[in-house]
Structure formats: structure tokens, C-alpha cells
Amino acid sequence: MNIILLGPPGAGKGTQAKVLAQRLNFPHISTGDLLRQNVSAGTELGKKAKDFMNKGMLVPDELVNQMLVERFKVPGCENGFILDGYPRNLSQAKALDAILKDRRTGIGLVVYLDASDSVIIQRISGRLVCSACGESFHITNMPPKIPMVCDKCKGKLYQRSDDTADTVKQRLAVYKNEVSSLIDYYQSGGILNRVSADGEAEEVLNTIVKMVQDLRRQKTAAG
Ligand code: AMP
């Protein structure tokens, strides 16, 4: 089953996608992570994307769509995948449908993680990410045992360059501008499910897992 996690920056898409991917044994595909890897590796794509990302703007669709086509060529997505951070607008949603149609598959579930602005800003402004394994922490909500050191791999933690107050406001504005068309699109396809993401991560995860199990049961029953 192919799953999309939709929601504002800071709703916990990355955190949820990572755990869900492990539980379901699906790859977690985050366009933000793929872009950051390209920026730090200094690739042509990274050079083109860097300024857009630092300003909190969307990287042009054709660059992100092409990056995704390349990602799908890596074996491992055959039984399902979890997309996080993509699509960000209607044109990407349509591009994704076309890419998946070529692969004779489609999206089975879209989970819309709904979080309030105050929760988003509090989460993002304290977010810390491991430079080695990508694990996320939070200065107050989920502090690492040793300051600025990853609990899992002992890598160095850092604050993302686009997690500053001004850039977060811009990212939220971009998000709000685009999200309603995406919600309409997936709602009319009958695959959108809303989940409140203001609560604890564990609680949100359990709700999503139940959703996936129910859907699988329905599909099995329908034969
Ligand atoms: P994220 O890690 O999902 O918050 O993404 C960080 C930044 O990467 C965004 O603010 C955009 O600049 C860029 N980005 C990530 N995914 C996309 C996408 N699907 N389309 C365009 N830009 C993206």
C-alpha cells in the first residue's frame, strides 16, 4: 500500500513516517531529506535547490518530480512506500499520479496530519536533527541525553537552517496557500483521512496504524 503523509511543517510527518516505515517494512521517502542530501553533497540539483530551501520556498516542481522518478528506480518500493513532504501542490499530485500509473500502481491512503499554528511553531523552533542518522529531537519536548549529541548514534545534532522563526512563517504561508487544493483532490478521490497531530507522537502513530490495518482488512474482504 502506497501512503502519503500530508500536513504542515512541524506536524510530525518525518517522525511518524520513519516509525511507520519500520513497522510496515516500507521505504520512507522524504523529499526534504533527499534535497538536503543533495545540498550537502553539492550536486547540481542541490545547488539549484539551496536558495529556495533557505527562503522557505518550494523547489521548482520539475526538479522535485525528476528527483522522485529517480528515487523510485531504486528497488524496494514494490510492496509500498511512505511519502513525506510530497506532493506539496496540485501539479505535483498530478505528476505523482502519472509517475505511479507508469509503474502500474497508485496511492492507497493519504493521512492528513492536522496541527495548530502554535504547536507547529513551538515544535519547529526547538527541533534538533542528527547530522549522521537524521533522528529528530526537541530542546524541551524530547531532549537528547547529552546536549547536542544523538542518543542513537552519538552524531552531532544541529538546527536546520530553514527552522528559523522567519523561514517557518514563510513555509507555513506557502503550505496554507497550496494545501486546500491537495485536500480537495484527495478527498474527491476518497482516500483522505484526517488525524489530529497536536497530541503525543505515540497516540498519533497508533491512530495511523489502525487506519492502515482497517484498510488492509477491507481490501482483503473485497478480494
Ligand atoms: P521539509 O523537510 O519537507 O520541511 O522540506 C524542506 C524544504 O525542502 C521545503 O521548505 C522546500 O524548500 C523543499 N521541499 C521539500 N519537499 C518539496 C517538494 N515536494 N516540492 C518543493 N520543495 C520541496
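In each ligand, atom 1 is the first atom listed, and ligand 1 is the first ligand listed.
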Original post:
Asp84 and side chain to side chain donor-acceptor pair (under 3.5 Å): which partner among Gln16, Lys13, His28?
Top reply: His28
Please tabulate, for the side chains in residues 107-120, all donor-acceptor contacts under 3.5 angstrom to protein atoms that are two or more places apart in sequence or on a different chain.
unit_1, atom_1, unit_2, atom_2, d
Ser116, OG, Asp198, OD2, 3.3
Asp117, OD1, Lys176, NZ, 3.0
Asp117, OD2, Lys176, NZ, 2.6

Original post:
Does Arg127 have any salt bridge (Lys or Arg N to Asp or Glu O under 4.0 Å) partners at least two apart in sequence or in another chain, and if so, which?
Top reply: Asp163
Original post:
Considering only heavy atoms, which protein residues lie less than 4.0 Å from any atom of ligand 1?
Top reply: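 These residues qualify: Thr31, Gly32, Leu35, Arg36, Met53, Met57, Leu58, Val59, Val64, Gly85, Tyr86, Arg88, Gln92, Arg160, Asp162, Arg171.
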**OP:** Mind checking ring-ring contact (aromatic ring centres under 6.0 Å, His included) for Tyr186 and listing every partner two or more places apart, or none if nothing turns up?
**Re:** none
Original post:
Do you see a donor-acceptor pair shorter than 3.5 Å between the side chains of Thr167 and Asn54?
Top reply: no
**OP:** Please check if any side-chain donor atom of Asn89 sits under 3.5 Å from a side-chain acceptor atom of Tyr175, or the reverse.
**Re:**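 No, no side-chain donor-acceptor contact under 3.5 Å.
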